[in-house]
Amino acid sequence: MTASDDLESIRKGIDEVDARILELLAQRRAHSIRAARLKEVEGAPSRDSFREEDLIADRIAHGLDHGIDSGLVNSVWREIIDDSVRAQRDYLGRTEDDPRTLTIAIQGIEGSYSWLASRRFFAARGFTEPSFVRSASFAEAFAAVRDGRADVGVLPIENTTSGAISEVYDLLLDSGLYVIGETRYRVRHCLLGVPGASVPGLRKIFAHPQAAAQCSDFLSTLENCEVVVFGDTALSGKEIGRTGDSGVAAIASEEAGRLFGLEVLQTGIANREHNYTRFVVVSGAPASIPVGVPAKTSIVIAVGNRPGGLVDALEVFTDADVNLIKLESRPIPDTPTEELFYLDFEGAADDPGIAEMLGTLTSHVHYLKVLGSYPSRDLRQRPPALPRRGLAARASLVDHPVAPAAAVGYKLGSRTHKGNNTIVEIGSVRLGEDPLVVIAGPCAVESWDQVMAAARAVKEGGGRILRGGCFKPRTSPYSFQGLGMEGLEMLGEAGRAFGLPIITEVLAPDQVAAVAALADVLQVGARNMQNFSLLSAVGRVHRPVMLKRGMSSSLDEWLQAAEYILAEGNQQVFLCERGIRTFETSTRNTLDISAVPVLMQRTHLPVIVDPSHAAGDRSLVGPLAHAAAAIGAHGIMVEIHPDPDNALSDGPQSLRLDQFERLMESLGVQRGVEPSPPPPPNPE
Ligand code: PEP
Ligand code: MN
C-alpha cells in the first residue's frame, strides 16, 4: 500500500465520521422539534438560557474526558443550540419569544466602532436589534449604565496600534460597574467623502485623534490638506454627509459610510493592516460564568512602595498555577509614588480555585478590586485554568478546619483568611511590626501656633504620627466643629515641618477624596463606625484607614465594619480601641483592654489603643497607655495640647506637652531626631 492509498483511506474514515456527525445533528434537531411541541403545550419559551448554560457546562466536562478542549466544545455547542432554537421557532411560527430588548451605552453614534463592535457582540447573543444610548464621552456612557438608562456599556479599552485607552481604565475603577464581556473588533479605517469627491480634491480631513494617529502615514502623503480633530469617527462622517462638501473627507468605517450615504474614497489607509480594538462590556451586576467556560478575570491591585511588592503579589499567581495575561499600570491620583496595576488572568473569580487565590492575594496587596469575570474567546483554544497545584499546596497548610467566617460576618479581616499580621505602611512607619507606634496631637486643630507646638512635642517625644481633628463629630451641634480644610492644611504643614505623617477624621463620604488628598491616614470615628456608606467610601481610596470602635459595639460588629472597608479593596486598615459605654461613670468610657488580645486572636489587622477618649481625664491617660503597651497593642493614640485649659475640645483629657514628654520617657519610646526648623506661618 502506498502513502497516497493510506491518506485516501484516512480521508474516507473522516468522511464517514462527518456523515455520522451530520446524521446525529439531524437526529438532534428532530428531538428539538419534539421538545418544541411540548413547549407549545406548556407555553414555555423556546429559549431557556439557564438550561443552555448548564448543558454547555456538561458538554464541556464530557469533552474534557475525551481530551477535547473546552473552547471547541463551547463554540460548537453554542452553534448547535442556536440552530435548535431557530428550528423550534420555525416550527412554532414564532420569531422571538419575547423581543430580547437591550439598551447599550456607547461613546459615539451609529456607525462608530463602538456601535459596530457592540452590534456584532450582542447579535451573536440573540439581541439583534438593540437600542443605543449615545454618549458624548466615556464618562457619560458609564453614567448611563450606572443610573439605569442602559443595561450595558461597551467601551474601547485598548488598540493594537495606539495602546491602552487610559481614560477607560480610570473610569472602570470608580464606576461601580462590572466587566461582563470583552470583544475584539478589527478596525478598518477608510477615507469617506460625498459622492463625486476624490482624494486629490480634498482640503480637509475630519478625524478622531486616535484614528488620525493610526493613519498618520497615509495622512502625511496628502498635500495641502488639513487634518481637523473630531471627537467622534462616525460623527465626522455624518457631518460631511450633512454639508455635502466634496473638499472634505472623514476617517471612519465603511459601514459608517453606508449609513451616512458617503462613498469610500480609499481603503487600507491605516499604518498597520491589522488594527484591532478590544472593547469591554460593563454592567451593574457581575456575570456568572458556567463552570468550564473559558473565562478571564480583570482585577486592580496596589502593592505599596517597597522592593519586591509587585513580585510578591505576582508570585501568588505562579503558586496557584494561574495564567496571567495582561498587566497595565496607571498612576494613583494624589499618590505620585505609587501605581495601580490592572491585571487580566485566566479563570473566573467564582471558580473555587480562583476565589481562593484572590483571597491569598488580598494578604499581599494594599488594595484589591475585582472588576469582573467574563467569557473570553482569546482562551478558546486552551483548556480552562483550573489551579490545582496551588490549591493542593495551600490545603496542606491549613491544619484546622476553616472557621465559618460567613457566620460571624467577616472574612477578609479574619485570622483564617490571613495568618500573618497586616503591616500598615504610613511613611516610614510599619504599624503592626514596629514597636509601640505613638500617634499624638491635639483633639482638634485650632490654630497654627497650637498645631505647630503640638507637632514639635510629638516629634521630640518620639511620636511617629501627628493627629488633629479638622472635621469634628461633636455630640452637640453648638460645640466647636473644627476648622475644616483650612485646619487640614495647617496640620499638613506642621506634619511636613517635623517629618510626621498626619491622621485626621473624615465624617462623610463626599469628604473622603478631598481629605485623602492631604492626609496620610483617614480616621473613622466611634460615632461613624457603622456608617456603612462612609466605610465603603474609605474602602475605595488609597490611604490607610484607622477605624475606631463604636461606643456600644461588640468586637464582631467592629470587625464587620472593618470588613466593609476591606471588601471595597482597601486592605490597609487598623483598629483603635477607645473605650465603650458601660454602667461605670467614673471614667468617660470604659477602656476594654481585653479587646486587644481578643482582636489579635481574631484578626490580622493592627490594633492600637486611645487612652484619652477612654479615660476622659488626663490623670488616667498614663496608666491606661501603659496598660496598652503591656498588653501588646501595636500603638497608642494620645491627645495633647499646649494649653489644655483653653482647648476648644476635649481639654480635660488632653495631656500638657510636658506631661506627654514624661509619658513617652516612662514608656521607653525612643526620642525623635532633631526636628527641622518650622517654616513661617501663613502671611495673614
Ligand atoms: C477623636 O479621636 O478625635 C475622636 C473624636 O474620637 P472618638 O471617635 O473615639 O470619639
Ligand atoms: Mn477628642
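Please read all numbers here as calculations on a predicted model, not as lab measurements. We count ligands from 1, going down the list as the structure has it; atoms in each ligand are counted the same way. Residues: numbered from 1 along the sequence shown.
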Fill in the blank from the handout: heavy-atom search around atom 9 (O) of ligand 1 in the protein gives Arg578 NE, 2.6 Å
Handout entry: the Mn ion (ligand 2) to Asp650: nearest N/O/S atom name
Key = OD2
Fill in the blank from the handout: For Gly525, the atoms of ligand 1 under 4.0 Å from one of its heavy atoms are 8 (O)
Practice task
Carefully, step by step, assess Leu599 and Trp558 under the rule side-chain contact (heavy atoms from CB on, under 4.5 Å).
Solution key: CA-CA 10 Å; Leu599 285 174; Trp558 189 7; 3.5 Å; yes
Practice task
Verify the distance criterion only: is there a donor paired with an acceptor across the side chains of His641 and Glu446 at less than 3.5 Å?
Solution key: yes
Fill in the blank from the handout: In ligand 1, the atoms that come under 4.0 Å of a heavy atom of Met637 are 2 (O)
Fill in the blank from the handout: Looking only at non-hydrogen atoms, the one of Arg527, Lys548, Arg467, His613 nearest atom 10 (O) of ligand 1 is Arg527
Exercise for the section: Answer with yes or no whether Lys472 contacts ligand 1, where contact means a heavy atom under 4.0 Å from a ligand atom. Expected result: yes
Problem - Donor-acceptor side-chain pairing of Asp592 and Thr590 below 3.5 angstrom - result: no
Exercise for the section: State the atoms of ligand 1, each with its element, that fall below the 4.0 Å cut-off from a heavy-atom position in Gln523. Expected result: 1 (C), 2 (O), 3 (O), 4 (C)
Practice task
Around atom 5 (C) of ligand 1, find the nearest protein heavy atom and jot down its residue, atom name and distance.
Solution key: Glu505 OE1, 3.6 Å
Practice task
Specify the protein heavy atom at minimum distance from atom 8 (O) of ligand 1: its residue, its atom name, and the distance to 0.1 Å.
Solution key: Ala526 N, 2.7 Å
Problem - Thr582 and Glu584 side chains, donor-acceptor separation under 3.5 Å - result: no
Practice task
Run the salt-bridge test on Arg540 and Asp174 with the 4.0 Å N-O cut-off and return the result as yes or no.
Solution key: no
Exercise for the section: Evaluate side-chain contact (heavy atoms from CB on, under 4.5 Å) for Glu563 paired with Leu559, printing each intermediate quantity in order. Expected result: CA-CA 6 Å; Glu563 194 76 8; Leu559 289 169; over 6 Å; no
Problem - Name of whichever N/O/S atom of Glu639 is nearest to the Mn ion (ligand 2) - result: OE2
Practice task
Determine, step by step, whether Thr362 and His417 satisfy the side-chain hydrogen bond (donor to acceptor under 3.5 Å, both in side chains) criterion, reporting the C-alpha distance in whole Å, the side-chain angles of both residues, the deciding distance to 0.1 Å, and the verdict.
Solution key: CA-CA 9 Å; Thr362 52; His417 172 69; 2.5 Å; yes
